[in-house]
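I have placed the structure first, in the form of structure tokens, so that the comments after it can refer back to it.
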Amino acid sequence: MKSTRTLFAGLAALALTAFAGTATMAQDALKIGSYPANPPWEFKNEAGDFEGFEVDIVNEIASRLGTTTEIEGYDFRALFVASASRRVDAVISSLTITDERLESQSFTQPYFSGALGVGVKDGAGIASLEDLEGKRVGSIATSFPENWLKEREAELGYASYSSYDTTANMLTDLRSGRIDAAVNDIVGLRYAFTQPNMEGLAVTVEIPTGDKFAIMMPKDSENLEAFNDAISEMKTDGTMAALYEKWFGVAAAADSLTLTPLPIPTSAD
């Protein structure tokens, strides 16, 4: 009888230990790196909390994986170091999938097809890419827009290029006239220009690029497949469509990347 009670006690202890271990794992928050001044993708509100389209996406992924997120702000260039060094589990910052980035990082499937915009002051006389000839332009350091501009320097003929660590500094220089045009993600620019103290700024040129935004993760992350599966579920169950409409004010097209489940990308194509 005593041995039976001992057996049951041992089994109960093992069960409790296993349960406690599972609960502890479920409580381990995912560490997310983010550029904190990139609305409507991600930004800090007045309370200092992160909000935005991609913030909602990564929080929903964490919920489906039985955990939460701890989001920390980084300078844009530092995001790549944080991911490569595995200091974070994932990075959100309207990041474009490129073949060069895929050499050292992994990406989930994309959920947005981007376009660049040219932001200018009223009366700048810039209504087309041809009008950038002889002008001073700027963008964010190491970003897709910066690479796009540098690859087309001879073609566009702009007079000078300025590289910025933050969108705020870039738009400050645009407002003050230190640059004539800011080239960046068109959604972010349009959102920024609706904010207070941004009167007199507008997007006058849209540049379709077909670049694809996704969550960046350490190379071959153990969480990559789970993240990708969660995104596919969100695309098929209506969650991604609801988040898109919440942040962009319009419905996502039925055949868009936003609503089409896709595999983990192995190239930028």
Side-chain angles (χ1 to χ4, degrees), residues 27-65 67-96 105 107-108 111-112 114 117 119 138-146 163-176 182-199 201 203 213-218 227 230-231 234 239-240 242-249:
Q27 291 172 2
D28 288 342
L30 293 167
K31 294 180 180 179
I32 308 298
S34 175
Y35 182 56
N38 188 32
W41 306 99
E42 44 272 321
F43 61 97
K44 281 189 174 182
N45 59 24
E46 292 182 357
D49 299 321
F50 276 93
E51 293 184 7
F53 177 60
E54 290 181 306
V55 174
D56 282 355
I57 289 174
V58 78
N59 282 338
E60 178 65 22
I61 291 171
S63 176
R64 293 178 186 227
L65 298 183
T67 186
T68 58
T69 63
E70 292 178 356
I71 305 178
E72 184 176 353
Y74 289 83
D75 287 342
F76 187 79
R77 283 179 287 191
L79 291 171
F80 298 90
V81 177
S83 178
S85 65
R86 299 182 180 268
R87 196 157 65 244
V88 297
D89 297 304
V91 169
I92 52 173
S93 192
S94 57
L95 288 167
T96 300
Q105 313 279 355
F107 283 84
T108 66
Y111 40 74
F112 192 91
S139 192
I140 303 300
T142 72
S143 68
F144 177 83
E146 177 175 84
S163 185
Y164 295 92
D165 285 332
T166 70
T167 304
N169 288 341
M170 177 179 67
L171 297 184
T172 295
D173 274 9
L174 180 63
R175 291 179 62 213
S176 67
V183 179
N184 207 8
D185 159 49
I186 194 169
V187 173
L189 280 178
R190 283 174 172 162
Y191 185 90
F193 293 166
T194 65
Q195 304 307 300
N197 303 319
M198 289 291 169
E199 298 84 1
L201 299 179
V203 174
F213 295 172
I215 296 173
M216 186 171 72
M217 306 181 74
F227 266 56
I231 292 172
M234 292 167 66
T239 303
M240 193 70 77
L243 294 180
Y244 186 98
E245 190 159 358
K246 170 186 174 181
W247 287 104
F248 303 124

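One is the number of the first residue; the rest follow in order along the sequence.
- The closest side-chain heavy-atom distance from Ser34 to Val91 is not below 4.5 Å.
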Exercise. For Leu171 and Leu189, what are the C-alpha separation, side-chain angles and deciding distance, and is it a side chain to side chain contact (heavy atoms under 4.5 Å, CB included)?
Worked result: CA-CA 9 Å; Leu171 297 184; Leu189 280 178; 4.1 Å; yes

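- The minimum heavy-atom distance linking Glu146 with Ala141 is given by the pair OE2-CA, 3.5 Å.
- Residues Phe227 and Leu30 form a side-chain contact, since some pair of their non-hydrogen atoms from C-beta on lies under 4.5 Å apart.
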Exercise. Should Tyr35 and Tyr74 be marked as a ring pair (Phe, Tyr, Trp, His ring centres under 6.0 Å) after you check the CA-CA gap, both sets of side-chain angles, and the distance that decides it?
Worked result: CA-CA 5 Å; Tyr35 182 56; Tyr74 289 83; over 10 Å; no

For this session: Report the C-alpha distance between Gln105 and Met217 in whole Å, list the side-chain angles of each, state the deciding distance to 0.1 Å, and finish with yes or no for side chain to side chain contact (heavy atoms under 4.5 Å, CB included).
Result: CA-CA 6 Å; Gln105 313 279 355; Met217 306 181 74; over 6 Å; no

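- You'll find the side chain of Thr166 stays beyond 4.5 Å of the side chain of Phe76, heavy atoms only.
- Minimum interatomic distance between Leu79 and Ser93 (heavy atoms only, all atoms of both residues): CD1-CB, 3.7 Å.
- Taking the six-membered ring where the residue is Trp, Tyr191 and Phe43 present tilted rings, their angle falling between 30° and 60°.
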Problem set entry | Arg175 vs Met198, side chain to side chain contact (heavy atoms under 4.5 Å, CB included): CA-CA, chis, key distance, verdict | CA-CA 8 Å; Arg175 291 179 62 213; Met198 289 291 169; 4.0 Å; yes

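- Contact detail for Ala90 and Ile215: the closest heavy-atom pair is CB-CG2, 3.8 Å.
- Taking 4.5 Å as the limit, some side-chain heavy atom of Met216 sits within range of a side-chain heavy atom of Phe80.
- Aromatic pair Trp41/Phe248: centroids less than 6.0 angstrom apart.
- Residue Arg190 comes nearest to Thr194 through the heavy atom pair O-CG2, 3.2 Å, listed as atom of the first residue, atom of the second, then distance.
- Arg87 CZ to Glu72 CD: the interatomic distance, rounded to the nearest 0.5 Å, is 8.0 Å.
- Atoms CG and CD, from Leu95 and Glu54 in turn, are 7.0 Å apart once rounded to the nearest 0.5 Å.
- Checked by atom type, the side-chain pair Thr239/Arg64 shows a donor-acceptor distance below 3.5 Å.
- Distance check: Ile57 CD1 to Tyr244 OH gives 11.5 Å after rounding to the nearest 0.5 Å.
- Note that CG of Asp28 and CG of Asp89 are 9.5 Å apart. Values are rounded to the nearest 0.5 Å.
- Not one N or O on the side chain of Asp75 forms a donor-acceptor pair closer than 3.5 Å with the backbone of Arg77.
- Using a 4.0 Å cut-off between charged nitrogen and carboxylate oxygen, Asp49 and Lys44 do not count as a salt-bridge pair.
- A 4.5 Å side-chain heavy-atom check between Met170 and Asp165 finds every atom pair outside the cut-off.
- Rounding to the nearest 0.5 angstrom, the gap separating the NZ atom in Lys31 from the CD1 atom in Ile71 is 14.0 Å.
- Inter-residue side-chain proximity for Thr68 and Asn59 is flagged as unmet; no heavy-atom pair is nearer than 4.5 Å.
- A side-chain donor from one of Ser94 and Asn38 sits under 3.5 Å from a side-chain acceptor of the other.
- To the nearest 0.5 Å, atom CG of residue Leu65 and atom CD of residue Glu60 are 10.0 Å apart.
- When side chains are defined from C-beta on, Ile92 counts as touching Ile32, because their heavy atoms get closer than 4.5 Å.
- Using a 4.5 Å heavy-atom threshold, the side chains of Asp56 and Lys246 count as touching.
- For Phe213 and Phe144, the ring centers are positioned 6.0 Å apart or more.
- Side-chain atoms of Asn169 and Thr172 include no donor-acceptor pair closer than 3.5 Å.
- For Gly188 against Pro40, the heavy-atom pair with the smallest separation is CA-CD, 4.1 Å.
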